[in-house]
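See structure below.
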Amino acid sequence: KHGIENIGYWTAVDDQNVGKLYYIVAYPDRASREKSLINGIAKDSDFLAVVAESEKDGKIVTGMESVLLEPTDYSKIK
């Protein structure tokens with residue numbers, strides 16, 4: 001709907017990171033990312049309603065780190 005491609009989701013299995021969710025999403029380019037996030041999902045009433053419902057008994061996310069990645073020349077995913 002917003003041009004965000006879901007690549008994959010993982011949960012940690014080591015003791016120090018148990019309970020953490022890791023995921024990778026992809027965009028055609030950085031400008032598309034900004035458009036998808038700022039003017040897309042951040043203003044999507046359906047998405048915001050799902051977030052509100054999931055947090056009705058308290059926040060489920062205590063922190064988030066975002067890292068922008070670029071594939072190397074030898075990466076299978078480009």
Side-chain angles (χ1 to χ4, degrees):
K1 181 177 179 180
H2 298 289
I4 302 169
E5 181 183 354
N6 292 295
I7 302 298
Y9 294 80
W10 298 265
T11 54
V13 295
D14 59 316
D15 291 339
Q16 77 181 51
N17 292 302
V18 107
K20 290 184 179 181
L21 172 69
Y22 297 87
Y23 63 94
I24 296 176
V25 294
Y27 309 88
D29 51 50
R30 199 174 276 196
S32 298
R33 175 188 178 271
E34 296 302 315
K35 182 179 177 185
S36 295
L37 294 177
I38 295 168
N39 296 319
I41 201 163
K43 295 181 179 179
D44 184 320
S45 59
D46 292 334
F47 174 76
L48 296 174
V50 168
V51 170
E53 176 64 22
S54 72
E55 295 180 338
K56 68 181 179 188
D57 296 323
K59 291 214 174 267
I60 59 173
V61 175
T62 57
M64 189 167 77
E65 178 183 8
S66 179
V67 178
L68 299 179
L69 304 170
E70 187 170 287
T72 60
D73 291 341
Y74 50 86
S75 176
K76 289 183 179 184
I77 298 175
K78 298 206 186 229

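Keep in mind that what you see is a predicted model, and the values were worked out from it rather than measured. Numbers for residues simply follow the sequence, beginning at 1.
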- Message: Ignoring hydrogens, what is the shortest heavy-atom contact between Asp44 and His2? Give both atom names and the distance.
- Response: OD2-NE2, 2.6 Å
- Message: Tell me the closest heavy-atom pair linking Tyr27 and Gly3, and the distance in Å.
- Response: CD2-O, 4.1 Å
Just how far is it from atom [atom1] of [X] to atom [atom2] of [Y], taken to the nearest 0.5 Å?
X: Lys1; Y: Ile41; atom1: NZ; atom2: CD1; value: 8.5 Å
X: Ile24; Y: Leu69; atom1: CD1; atom2: CG; value: 6.5 Å
X: Lys20; Y: Asp14; atom1: NZ; atom2: CG; value: 8.5 Å
X: Arg33; Y: Leu68; atom1: CZ; atom2: CG; value: 4.5 Å
X: Leu37; Y: Ser32; atom1: CG; atom2: OG; value: 10.5 Å
X: Glu34; Y: Asp29; atom1: CD; atom2: CG; value: 10.5 Å

- For Ile7 and Tyr23, run side-chain contact (heavy atoms from CB on, under 4.5 Å): C-alpha distance rounded to whole Å, both residues' side-chain angles, the deciding distance at 0.1 Å, then the answer. CA-CA 8 Å; Ile7 302 298; Tyr23 63 94; over 6 Å; no
Would you kindly confirm whether [X] and [Y] end up in one hydrophobic cluster when ILVMFWY residues are joined by side chain heavy atoms under 4.5 Å apart?
X: Met64; Y: Tyr9; result: yes
X: Trp10; Y: Ile4; result: no
X: Phe47; Y: Leu21; result: yes

- Query: With distance as the sole test, does Ser75 use its side chain to make a donor-acceptor pair with the main-chain N or O of Thr72 at under 3.5 Å?
  - Reply: no
